[in-house]
Protein chains: 2
Amino acid sequence: MLSQKTRYAIRALQHLADQYGQGPVPLTDIAETQKIPAKFLTVILSELSREGLVDTQRGRDGGYWLALSPIDISYGDIVRLTRGSLALTPCASRFAHETCANCLPESECRLHRLMLRVRDETARVLDGISLAEPVPLDVE
Amino acid sequence: MLSQKTRYAIRALQHLADQYGQGPVPLTDIAETQKIPAKFLTVILSELSREGLVDTQRGRDGGYWLALSPIDISYGDIVRLTRGSLALTPCASRFAHETCANCLPESECRLHRLMLRVRDETARVLDGISLAEPVPLDVE
DNA sequence: GGTAATTCTATTATTATAGTAGACAATAGA
DNA sequence: TCTATTGTCTACTATAATAATAGAATTACC
């Protein structure tokens with residue numbers, strides 16, 4: 001499961017994508033339209049800013065905006081940044097691989113091979129869509 | 001991420017699949033070959049038994065065995081039983097749907113639509129492989 | 001200087017997770 | 001029938017992650 005925080009982060013970024021090119025968006029705007037607790041959103045946006053995904057300006061008329069064009073930010077990027085990995089097990093992460101606790105050696109672990117496949121399918125979906133695109137309804 | 005407990009459950013079931021048709025497998029066998037803390041495994045196997053996935057016998061020469069043929073247990077089934085859902089958000093579960101806390105209405109939530117697609121791809125992989133099959137190395 | 005905004009450091013409450021303890025119940029075989 | 005062996009159940013505990021808040025500090029425009 002994605003954490004509540006990751007879900008908030010994604011919706012906040014979607015909101016900023018909608019306002020892209022229109023100057024700084026104040027935090028309270030995002031919090032209200034996206035139903036995110038304002039104080040918690042400060043934590044989230046500060047992190048996204050430290051990670052270089054959003055730029056900020058303090059003071060009057062300040063706020064947040066995307067540091068990159070929406071088309072250059074994929075959902076896969078966001079999940080990797082906020083959650084660390086797309087995978088369902090530590091051993092199945094391609095960018096943040098870790099060996100699972102109390103597991104067999106990976107070469108013998110059948111779960112490992114399966115989780116790699118799930119990760120790759122997830123990546124195919126999430127890396128294939130950017131913040132610029134409306135999310136298609138379904139695959140056929 | 002799958003919890004440690006879910007990972008243990010899957011490996012335990014794989015072990016039972018390997019011994020299918022050969023009588024009860026004692027818990028300590030599973031614990032040792034799969035590197036699972038024995039006491040914790042009792043909790044896990046008791047749950048799997050209550051859910052009808054394994055049958056058990058107590059007493060001498062007792063143990064655990066799969067209640068169904070390995071080919072009739074898919075990885076999707078196991079994850080749904082132990083974790084509740086294949087989805088990455090509560091709203092994207094098809095069998096255990098819940099609305100996400102502090103979210104927009106689902107019809108307006110772009111994340112919802114995206115998570116449904118990820119769930120469906122995950123299901124395609126996990127429902128397509130049963131405990132009877134060796135896990136293929138990769139898709140091309 | 002005042003106001004509106006972000007930023008930073010700490011703290012808290014709640015929940016989930018991982019694992020353990022120990023008494024109890026059943027079974028097969030000697 | 002005794003006993004060793006094996007699973008079952010209830011309860012408990014420790015740790016970590018999560019979600020969220022508090023409040024002071026900083027910045028920038030007017």
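Below, all heavy atoms of this structure are taken into account, side chains as well, without hydrogens, waters or symmetry copies. Chain A is the first sequence line, chain B the second, and so forth, proteins listed ahead of strands; every chain is numbered from 1.
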Check your understanding: Using a cut-off of less than 4.0 Å, is there contact between a side-chain N or O of A/Tyr8 and OP1 or OP2 of D/dA19?
Key -> no
Check your understanding: How far apart are the C-alpha atoms of B/Arg7 and B/Gln4, what are their side-chain angles, what is the distance that settles it, and do they pass the side chain to side chain donor-acceptor pair (under 3.5 Å) test?
Key -> CA-CA 5 Å; B/Arg7 280 185 269 138; B/Gln4 182 78 274; 3.3 Å; yes
Practice item. Rounded off to whole Å, could you give me the CZ-to-P distance for the A/Phe40 and C/dA13 pair? Key: 17 Å
**Study point:** Distance, rounded to the nearest Å, where B/Leu41 contributes CG and C/dT20 contributes C1'
**Key:** 14 Å
Exercise for review: Provide, to the nearest angstrom, the distance between the CD atom belonging to A/Glu47 and the P atom belonging to C/dT9.
Suggested key: 12 Å
Check your understanding: Rounded to the Å, how far apart are A/Ile44 CD1 and D/dT21 P?
Key -> 11 Å
Review point. What integer distance in Å separates A/Ile36:CD1 from D/dT21:C1'?
Key: 16 Å
**Study point:** Whole-Å distance separating the CD1 atom of A/Ile30 from the C1' atom of C/dA5
**Key:** 12 Å
Check your understanding: So, do A/Glu121 and B/Thr122 sit near enough that their side-chain heavy atoms are less than 4.5 Å apart?
Key -> no
Check your understanding: Taking NZ, NE, NH1 and NH2 as the nitrogens, is one of them in B/Asp120 or B/Arg117 under 4.0 Å from a carboxylate oxygen of the other?
Key -> no
Review point. Just how far, in rounded Å, is C1' of C/dG19 from CZ of B/Arg7?
Key: 14 Å
Study note, to complete from the structure: Readout for nucleotides 3-18 of chain D: B = base within 4.0 Å of protein heavy atom, S = sugar-phosphate only, - = neither; 5' to 3' it is --BBBSS---------
Check your understanding: Strictly by modelled atom types, are A/His15 and A/Thr33 linked by a side-chain donor-acceptor pair under 3.5 Å?
Key -> yes
Review point. Can a salt bridge be assigned to the pair A/Glu47 and A/Lys5 using a cut-off of 4.0 Å between side-chain N and carboxylate O?
Key: yes
Review point. Just by modelled atom types, is the B/Ser130 backbone N or O under 3.5 Å from a matching donor or acceptor in the B/Glu133 side chain?
Key: yes
